Amino acid sequence: QLQVVESGGGLVQPGGSLRLSCAASGFTLNVITMAWFRQAPGKEREGVSCLSAIGGGTTYADSVKGRFTISRDNAKNTVYLKMNSLKPEDTAVYYCAARASTRRSCSIYEHEFWGQGYWGQRTQVTVSS
């Protein structure tokens with residue numbers, strides 16, 4: 001059974017850091033493109049970052065560039081999102097998504113592509129003093 005499970009959310013003060021994890025089961029990361037999305041209260045879901053299986057290409061939303069880093073550990077079948085310099089506007093539920101792909105690049109804006117992927121249950125990130 002293909003499944004992705006997020007963890008690592010929580011409450012952090014502005015300027016702090018968190019690392020989210022996304023554990024994939026039922027497939028191997030070296031043929032899976034992974035992505036993180038988030039949805040803040042009252043807002044639409046938005047793409048945060050993605051990491052291609054082939055070549056390791058990454059994409060980041062402008063709002064997180066320079067602060068967030070996506071990475072993976074194929075041995076653990078896990079993708080991470082390291083979030084630094086967190087801001088209150090980063091408060092949201094964060095979702096991990098996975099989809100088989102042989103592309104060398106990835107996009108967080110292809111809604112149809114990710115609509116056919118596997119999604120986790122979400123993890124809450126709250127940035128507040």
Side-chain angles (χ1 to χ4, degrees):
Q1 182 178 359
L2 305 180
Q3 190 176 17
V4 291
V5 178
E6 307 96 334
S7 62
L11 173 64
V12 63
Q13 293 186 341
S17 299
L18 279 176
R19 189 181 75 164
L20 304 182
S21 299
C22 176
S25 59
F27 37 43
T28 54
L29 282 188
N30 59 0
V31 294
I32 298 296
T33 291
M34 306 289 290
W36 288 95
F37 293 80
R38 68 185 182 185
Q39 187 167 19
K43 295 187 176 181
E44 293 188 353
R45 187 171 63 194
E46 64 173 349
V48 176
S49 182
C50 62
L51 175 62
S52 67
I54 309 299
T58 58
T59 298
Y60 294 93
D62 288 343
S63 58
V64 307
K65 279 181 182 176
R67 299 188 299 122
F68 290 12
T69 302
I70 191 170
S71 62
R72 69 173 180 238
D73 184 335
N74 286 346
K76 295 182 179 180
N77 252 17
T78 299
V79 168
Y80 303 99
L81 185 69
K82 182 64 186 300
M83 306 184 293
N84 296 325
S85 302
L86 283 162
K87 305 175 181 180
E89 50 264 43
D90 294 317
T91 296
V93 289
Y94 283 70
Y95 298 85
C96 177
R99 182 171 169 186
S101 174
T102 57
R103 296 179 183 179
R104 298 188 67 85
S105 62
C106 63
S107 171
I108 52 177
Y109 304 108
E110 292 183 281
H111 302 297
E112 184 174 340
F113 177 88
W114 291 109
Q116 299 179 40
Y118 293 86
W119 290 74
Q121 293 300 307
R122 72 185 185 178
T123 186
Q124 176 70 44
V125 171
T126 303
V127 184
S128 174
S129 55

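Numbers for residues simply follow the sequence, beginning at 1. Quantities reported herein were computed from a predicted structural model and do not represent experimental measurements.
By the 4.5 Å heavy-atom criterion applied to side chains, Q124 and L11 are not counted as neighbours. Side-chain contact between Q39 and K43 is absent, with no heavy atoms from C-beta onward closer than 4.5 Å. Considering only heavy atoms from C-beta on, S52 stays 4.5 Å or farther from S101 through its side chain. With a 4.5 Å cut-off on side-chain heavy atoms, I32 and Y118 do not count as touching.
Ionic pairing of D62 and K65 is present here: one or more N-O contacts between side-chain nitrogen and carboxylate oxygen are shorter than 4.0 angstrom. Comment: R122 does not engage E6 in a salt bridge, judged by the lack of any side-chain N to carboxylate O separation of less than 4.0 angstrom.
No path of Ile, Leu, Val, Met, Phe, Trp and Tyr side chains, each step under 4.5 Å between heavy atoms, connects M34 with W114, placing them in separate hydrophobic clusters. Each of Y94 and Y109 belongs to its own hydrophobic cluster when Ile, Leu, Val, Met, Phe, Trp and Tyr are linked at side-chain heavy-atom distances under 4.5 angstrom. Cluster membership check: V127 shares its hydrophobic cluster with M83, using side-chain heavy-atom separations under 4.5 Å among Ile, Leu, Val, Met, Phe, Trp and Tyr. Using a 4.5 Å cut-off between side-chain heavy atoms of Ile, Leu, Val, Met, Phe, Trp and Tyr, with links allowed through other members, L18 and W36 fall into the same hydrophobic cluster. Under the 4.5 Å side-chain heavy-atom criterion for grouping Ile, Leu, Val, Met, Phe, Trp and Tyr, V79 is connected to Y60 within one hydrophobic cluster.
W119 and F37 have their aromatic ring centers within a separation under 6.0 angstrom.
V4 and C96 make their closest contact through CG2-O, 3.8 Å (heavy atoms, listed as atom of the first residue, atom of the second, distance). The two atoms that bring I54 and T102 nearest to each other are CG1-O, 3.7 Å, heavy atoms only. Minimum interatomic distance between G47 and A61 (heavy atoms only, all atoms of both residues): O-CB, 3.4 Å. Closest of all the heavy-atom pairs between K82 and S17 is CE-CB, 4.0 Å.
Side-chain N or O atoms of R99 include one that pairs as donor or acceptor with a backbone N or O of F113 at under 3.5 Å. In this structure, T58 contributes its side chain and L51 its backbone to no donor-acceptor pair below 3.5 Å. Between the side chain of R72 and the backbone N or O of A53 there is at least one donor-acceptor pair closer than 3.5 Å. With hydrogens and angles disregarded, no donor-acceptor distance shorter than 3.5 Å links the side chain of Y80 to the backbone of T69. For the pair T59 (side chain) and S49 (backbone), a donor-acceptor distance under 3.5 Å is absent. Panel note: side chain D73, backbone T78; no donor-acceptor pair is recorded below 3.5 Å.
Heavy-atom contacts from other residues, nucleotides or ligands closer than 6.0 Å to CD of Q3 number more than 12.
With values rounded to the nearest 0.5 angstrom, K76 atom NZ is found 12.0 Å from N74 atom CG. Interatomic distance, SG of C50 versus CD1 of I70, reported as 6.5 Å (0.5 Å rounding).
For the side chain to side chain contact (heavy atoms under 4.5 Å, CB included) with R38, the qualifying choice from V48, V125, L20 is V48, the only one to do so.
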